[in-house]
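To keep things clear, I will list the structure first and then write my remarks on it.
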Amino acid sequence: MKRSLTVLLSMMLLMSLFLAACSGSSAIKEKGKDTITYAVDQAPEGLFIPGFAGSAIDSQVNDFIHDDLIKVNEKMEYQPHIAKWESDDNITYTFTIEKGIKWHNGEELTMEDWQFALEVIADPDYDGPRYNYVENIKGADEYRKGKADSISGFEIVDPYTAKVTFKEKKVNNLENLWTRPMPKKALEGLAVAELSSSKEVQETPVGLGPFKVKKITPGEYVLLERFDDYWQGKPKLAEVTIKVIDPSLSVGSLENGEVDIMEIRPDDVEQLESVPHIDVKEQEGLGYSYIGFRFGHWDKDKRKAVDDYEKYQDKRLRQAMFYALDREALINAYLAGKATPVDSPIPSVHWIRADDSELTPYHYDKKKAEQLLDQAGYKDMDGDGFREDPGGNKFEIKFGHYAGPSAFEGRAQAIIQNWKDVGLNAKLATGQLVEFNTYNEMKDNDDKELEVFFGAWVVGSDPDPSGLWASTAEWNFGRWVNEESDQLLKEALSDKAFDRDYRKDKYVKWQQLFNDELPALPLWENMDLYGMNQRLHGVVIDATGLRDFHQWYVK
Amino acid sequence: MLAYTLRRILAIIPLLILISIVVFTLAKLMPGDPFGGEIDPNNTNPEYIEEMREKLGYNDPIHVQYMRWITSFAQGDFGKSTTYKKPVSEVIAERIPNTLFLAITSLIITYILAFSMGMYAGRKPYTIGDHAIATFNYAGIAIPQYIIAIVAIYFVAFKLGWLPSSGSYTPGLEEGTWDYWQSRMQHVLLPAVTLGVFSTASYTQFLRNDIIQNSRKDYVRTAKAKGTKESAIYNKHILRNSIIPLVTFLGFDLAALIGGAIITETIFTYPGIGMLFVSSIDTRDYAVVMSLTMLLSLLTLLGNLVADLLYGVVDPRIRY
């Protein structure tokens, strides 16, 4: 009995091995001619109606399934898409959409769907992160507090026309308006509190986009199929599989054809460039890295930064520290050369970005760094090879960096070495790279160890940098307080700023101030990198990511 | 035996309570919460984050949070995942079948390989075959699982293209069909072998040594003297004795396999509870992390219990 069981089990195992061996790669070869696989390196959270999604991966999936009423172009300027708009007074906007645009379930898109989306997001029971995209509409607060039955600033004129009235005249109202309708017919029966966990959001989302969901396996696949009635024309691909893979598998999966397109890391570029059927696409993105300085602390009650920390007050010290950094070498060594040194904290793709000629370039210049330090009084007085501060006390820079891929350790040490080379005694804060969540908590709480810290931001399409650098911004982690900066940022959002040249001029002035004051050292802009199989065509990539999915095709 | 079993099961309860206190405290002491970390500054404002913290009670004193959690936990409500916006029980239930399938496949492969190699090596010790098996075993014990996983992916999946490198099935296949199960089998094979390498190696060595020892015992000599066939001696008499200690490993193995799946699943992007565990720690999804740790603790305790009970079943000399 026991023996026959063993024999049976061995047979089963052998058989499965055999089956596996002879048809193992069928998954790859059988892939249809107009089917592609797009890989992501983290599992989606599974919220497939925009408005509920908060993670980057969910947003990437949603871009295939959904569409926006208005869109940004490659310079982050707002453009009509499904909807056109007009405004006489810059406070009330009239939006019109075309007739006959279809949802995946066959319903027609009307302004009610947009209204529904806004009211869901403004509902007191709503648990997603997007209320700040609705709060500028007149009456949103009242609706949220339950004092009104509808948002008074949103008025439907006819099914294809709606008027949006904002609370106040602000130049970036449009950038901060929620313009993704939700399929009212599919969702209206559900309580708002239950929406995010409902099947309609997580498993069977109805969208307007070029692809509709065929099947979702949580944590693993999202299988999409062509939506024939897509308003911009029938998509050329029949199916798109969005697949989750571990980052360590990205090179191999692209190489053997399991994956057709995915975002890759700089470490993988070299290996992929040697694969004949893979193209590496580079795109200037919306992310940049910086080194921040600690100037004070965050006053939680008054919700503003207070500058009460003296150590890095002298801007010559900060400038010297910037000149001392050999950014080209850092980029080549630790980012595979795939980043661009910058001297402004505004991404180059934003239309408000100052021209390089208007900014002081901080190219690597050891002599200049040393001169500046000498001028500022940082001199080596006791002959130990390191500079003392102007008061003659020992001067030590504590530089914090978070843990991550292996390149981070080397990068942090290289930065420290750059500073040591000009006589500044730098060392790693806490003695080691700090776990990412701990690091963020230390920044939030103004931990004394983090005097100088490495950071990175990915910003959105709204160019206004107030959320990061104004003295009332919680994410101004250096706690930089500068009246001129606050004033310029305010002016750039004022009435006059509806004149684009005026607005841009204010931002350029702000960037010049930043560039001179250097409350943080903007290091480099990260390049978004994609690995793409050459059989795939028609792919458009810009700073916001992949786009024009309906035009993609396979040859 | 029944009294003993009941006593052991009752003893699990206070242990679980203690574990829950430790797990909860450790989880809350981890720096950060689901709302920290990489935030898109244009999409989420600080007020919203503070509001959510308040709403979810993360600002309450820790003992208040613990009491709230443990009361609902005891009533079968494991809380709601902040990441997946669904009840934790649903999130875990979605992933458990994959992990169980992986663990069981791994167990079957382990036992088949360990038995065939152990028997062979035990019957023919100090031959080339035995040495080859020993080399394999020492490598399996010495090399960490994640390295084996990556090497296996590189050669078997990428270079030879025999087996898929990630996922649990090929998307688009109808669930329940023959193709679907074949695809699942293909996908599980590589992670299962990787997961089982360590136990395969140690079982094989264990079995081999036990067989060699047994073959020198008096009852074997008697059997030989009576002219019993060699194969009968090994397959019936010796194996029966050597199997006893191995059977008891089964209990420990269940918990170990599910725990070991954490690394394997993550590398193979195999969506079971191991991968879920790692990503939940990353995102500080407290409810999921705590429920999974409790689940793993419970499995370990039950595994120990099963092992202890099996001793009595396979060896009648042991009385409780």
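All figures in this text were calculated on a predicted structure; none of them were measured in a lab. So you know, we letter chains A, B, ... as the sequences are listed, proteins then strands, and number each from 1.
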message: Heavy-atom cut-off 4.5 Å, strictly under: side chain, backbone, both or neither for A/Glu225 against chain B?
response: neither

query: Taking the inter-plane angle between the rings of A/Trp457 and A/Tyr290 on a 0 to 90° scale, is it parallel (under 30°), tilted (30 to 60°) or perpendicular (over 60°)?
result: parallel

field: Heavy-atom proximity to chain A below 4.5 Å, by part of B/Glu265
entry: neither

- request: For chain B, find which of A/Leu249, A/Leu286, A/Val244 contributes the most heavy-atom pairs closer than 4.5 angstrom.
  value: A/Leu249

- request: Among A/Thr241, A/Asp58, A/Thr217, single out the residue with the greatest number of heavy-atom pairs under 4.5 Å to chain B.
  value: A/Thr217

task: Examine distances only and state if a side-chain atom of A/Ser59 and a backbone atom of A/Ser55 form a donor-acceptor pair shorter than 3.5 Å.
output: yes

message: Is B/Glu51 close to chain A through its backbone or its side chain, or both, or neither, when contacts mean heavy atoms under 4.5 Å?
response: side chain

statement: Whatever's closer than 4.5 Å to a heavy atom in chain A on B/Met275 counts as side chain

Region of B/Ser279 that comes under 4.5 Å of a non-hydrogen atom in chain A: neither

task: Pick one of side chain, backbone, both or neither for A/Lys243, based on which atoms fall under 4.5 Å of a heavy atom in chain B.
output: side chain

- prompt: If we only count heavy atoms from C-beta on, is the A/Thr430 to A/Met442 side-chain gap below 4.5 Å?
  reply: yes

- prompt: Under a 4.5 Å heavy-atom cut-off, does chain B meet the side chain of A/Ile245, its backbone, both or neither?
  reply: both

query: By a 4.5 Å heavy-atom criterion (distance strictly below it), what part of B/Thr266 contacts chain A: side chain, backbone, both, or neither?
result: both

message: What part of B/Tyr169 gets within 4.5 angstrom of chain A, counting heavy atoms only: side chain, backbone, both, or neither?
response: both

message: If we define contacts as heavy-atom pairs under 4.5 Å, which of B/Lys85, B/Lys80, B/Arg95 has the most with chain A?
response: B/Lys85

message: Within this structure, what is the CD1-CD1 distance for the pair B/Ile262 and B/Ile273, rounded to the nearest 0.5 Å?
response: 8.0 Å

query: Where do B/Thr264 and B/Thr194 land on the side chain to side chain donor-acceptor pair (under 3.5 Å) test, with the steps shown first?
result: CA-CA 7 Å; B/Thr264 316; B/Thr194 314; over 6 Å; no

- request: State, yes or no, whether a side-chain contact exists between B/Tyr58 and B/Tyr286 at a heavy-atom distance under 4.5 Å.
  value: yes

- prompt: Pick from B/Ser183, B/Ser168, B/Ser116, B/Gly167: which one has the most heavy-atom pairs with chain A under 4.5 Å?
  reply: B/Ser168

query: Would you say A/Asp41's side chain and A/Asp246's backbone share a donor-acceptor pair under 3.5 angstrom?
result: no

statement: With chain B, the option among A/Ala43, A/Gly54, A/Gly252, A/Ser198 that has the most non-hydrogen atom pairs under 4.5 Å is A/Gly252

- prompt: Does the ring centre of B/Phe115 sit less than 6.0 Å away from the ring centre of B/Tyr203?
  reply: no

query: Is it true that A/Glu45 and B/Lys86 make a salt bridge, defined as a side-chain N closer than 4.0 Å to a carboxylate O?
result: no

- prompt: Backbone N or O of B/Leu102 within a donor-acceptor pair of the B/Ser106 side chain at under 3.5 Å?
  reply: no

message: Among A/Tyr221, A/Tyr402, A/Tyr131, A/Phe52, which residue has the highest count of heavy-atom pairs closer than 4.5 Å to chain B?
response: A/Tyr221

- prompt: Between A/Glu435 and B/Arg284, is there a side-chain N and carboxylate O pair less than 4.0 Å apart?
  reply: yes

field: For chain B, the option from A/Ser253, A/Gly46, A/Ser248, A/Ala473 that forms the most heavy-atom pairs under 4.5 Å
entry: A/Ser253

message: At a 4.5 Å cut-off on heavy atoms, which part of A/Gln202 comes close to chain B: side chain, backbone, both, or neither?
response: side chain

- prompt: What part of A/Pro44 is in contact with chain B, defined as an atom under 4.5 angstrom from a non-hydrogen atom: side chain, backbone, both or neither?
  reply: backbone

- prompt: In terms of heavy-atom pairs under 4.5 Å, which option from A/Arg303, A/Lys214, A/Gln42 contacts chain B the most?
  reply: A/Arg303

- request: Can you sort out the partners of B/Asn59 under side chain to side chain contact (heavy atoms under 4.5 Å, CB included), two or more places apart, ordered by chain and number?
  value: B/Glu50, B/Arg53, B/Glu54

- request: Select, from B/Asp282, B/Thr283, B/Leu276, B/Thr269, the one with the greatest count of heavy-atom pairs under 4.5 Å involving chain A.
  value: B/Thr269

